[in-house]
Amino acid sequence: MTIDLTKTEDGYALLTLNRPEALNALSFDILRRIGAAIDEVAGWRDVRALLITGAGDKAFCAGADIKELRNRSLTDQKRGAELGQAVFARLDRLPIASVALVNGYAFGGGAELAMACTFRLASPNAVFGLPEVKLGLIPGYGGTQRLPRLVGEARALEIIMTGRNVAADEAERIGLINAMAQGDLMQAGRDFAGRFTRYSLPVLDCARRAVQRAADTPLHEGLQTEADLSTLAYRTRDAEEGMAAFEEKRKPEFRDE
Ligand code: CAA
């Protein structure tokens with residue numbers, strides 16, 4: 001088994017990278033399976049967020065499978081990078097948010113997978129890094145683009161060009177993760193997701209899409225996107241319900257409509 005995809009009883013999809021003997025390293029086969037799993041989750045109407053974690057107590061994911069990377073043609077190398085990028089980009093197109101639960105090493109492609117998720121929580125023993133320079137490589141599954149968006153260009157350059165480790169407390173301080181979780185990481189992930197999944201899913205989707213545009217759009221275009229998406233949210237039944245509930249001084253009952 002290389003990945004597991006299940007539904008939790010409280011309404012989350014749970015994707016577990018399950019190759020602990022290789023610290024959940026991403027073979028091309030696993031990458032494709034992750035892509036298929038994300039597509040499957042996109043069709044599930046009864047889950048409110050996707051949680052992603054790694055099996056075992058040592059690693060979330062130690063990156064691309066280095067043994068597979070050797071002796072490849074340049075064309076295959078480029079296709080591999082494009083495959084990883086395309087698989088992780090599918091997380092953006094999911095109609096629900098994704099939360100990486102980083103339970104140990106998140107190196108290279110593993111850090112890149114976590115960064116492609118909407119949110120990141122980490123256990124205190126988590127260690128992040130983009131150590132590709134140590135292999136004579138650079139990140140290829142989105143790290144050079146997503147890390148500076150999260151932590152700023154100067155920090156991203158330093159982390160990528162030195163290949164150094166970033167411990168969980170530093171990751172929290174610099175904004176690479178949303179929070180460091182004390183105690184059970186899975187429970188912390190559910191609690192974290194529960195803070196937003198009680199709201200209307202289509203409205204949350206509008207918010208997510210608007211914020212995601214901020215990173216790669218000039219301000220005037222981003223503001224136009226915001227106007228369009230806020231109008232879309234306004235047209236939902238849940239917006240009508242939310243505003244009515246405010247006036248009637250009661251709790252809203254959102255129906256994801
Ligand atoms: N690919 C393939 N196998 C890996 C692996 C990887 N990325 N990371 C670990 N493994 C395997 C090891 O080869 C080892 O297998 P064997 O027992 O068969 O030898 C097993 O997992 C356990 O690993 P270690 O014995 O090395 O465990 P450790 O606790 O001593 O060290 C570690 C842990 C510091 C994470 C170390 O394994 C390591 O440095 N791994 C490589 C991390 C890395 O460089 N990642 C970037 C990959 S390139 C990339 O991801 C490019 C990109 O942008 C997509």
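Atoms within each ligand, like the ligands themselves, are counted from 1 in listed order. Because the structure is a prediction, the values reported are computed rather than measured.
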- request: Would you list the pairs meeting side-chain hydrogen bond (donor to acceptor under 3.5 Å, both in side chains) in which at least one residue belongs to residues 180-189, sequence neighbours left out?
  value: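 Passing the test, one end in residues 180-189: Q187-D191.
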Does anything in residues 14-31 pair up under side-chain hydrogen bond (donor to acceptor under 3.5 Å, both in side chains), and if so which pairs, sequence neighbours excluded?
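Of all non-adjacent pairs touching residues 14-31, those that pass side-chain hydrogen bond (donor to acceptor under 3.5 Å, both in side chains) are D4-N18, R19-D65, D29-R33.
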* T236/D238 under side chain to side chain donor-acceptor pair (under 3.5 Å): CA gap, chis, key distance, verdict -> CA-CA 5 Å; T236 60; D238 287 335; 5.4 Å; no
Holding to side chain to side chain donor-acceptor pair (under 3.5 Å), I want the full list of residues that pass it with E257, two or more places apart in sequence or in another chain.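 Side chain to side chain donor-acceptor pair (under 3.5 Å) list for E257, sorted by chain: empty.
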(message) Using a 4.0 Å cut-off on heavy atoms, what residues surround ligand 1? Order them by chain and number.
(response)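 For ligand 1, the contacting residues are E21, A22, L23, A25, K58, A62, G63, A64, D65, I66, K67, Y105, F107, G108, G109, E112, P131, E132, L135, P139, G140, Y141.
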Should D169 and R173 count as an ion pair when the cut-off is N to O under 4.0 Å?
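R173 and D169: not salt-bridged.
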Next on the checklist: I'd like to know if R213 and E226 make a salt bridge, using a cut-off of under 4.0 Å between side-chain N and carboxylate O.
Outcome noted: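 Answer for the salt bridge query: no.
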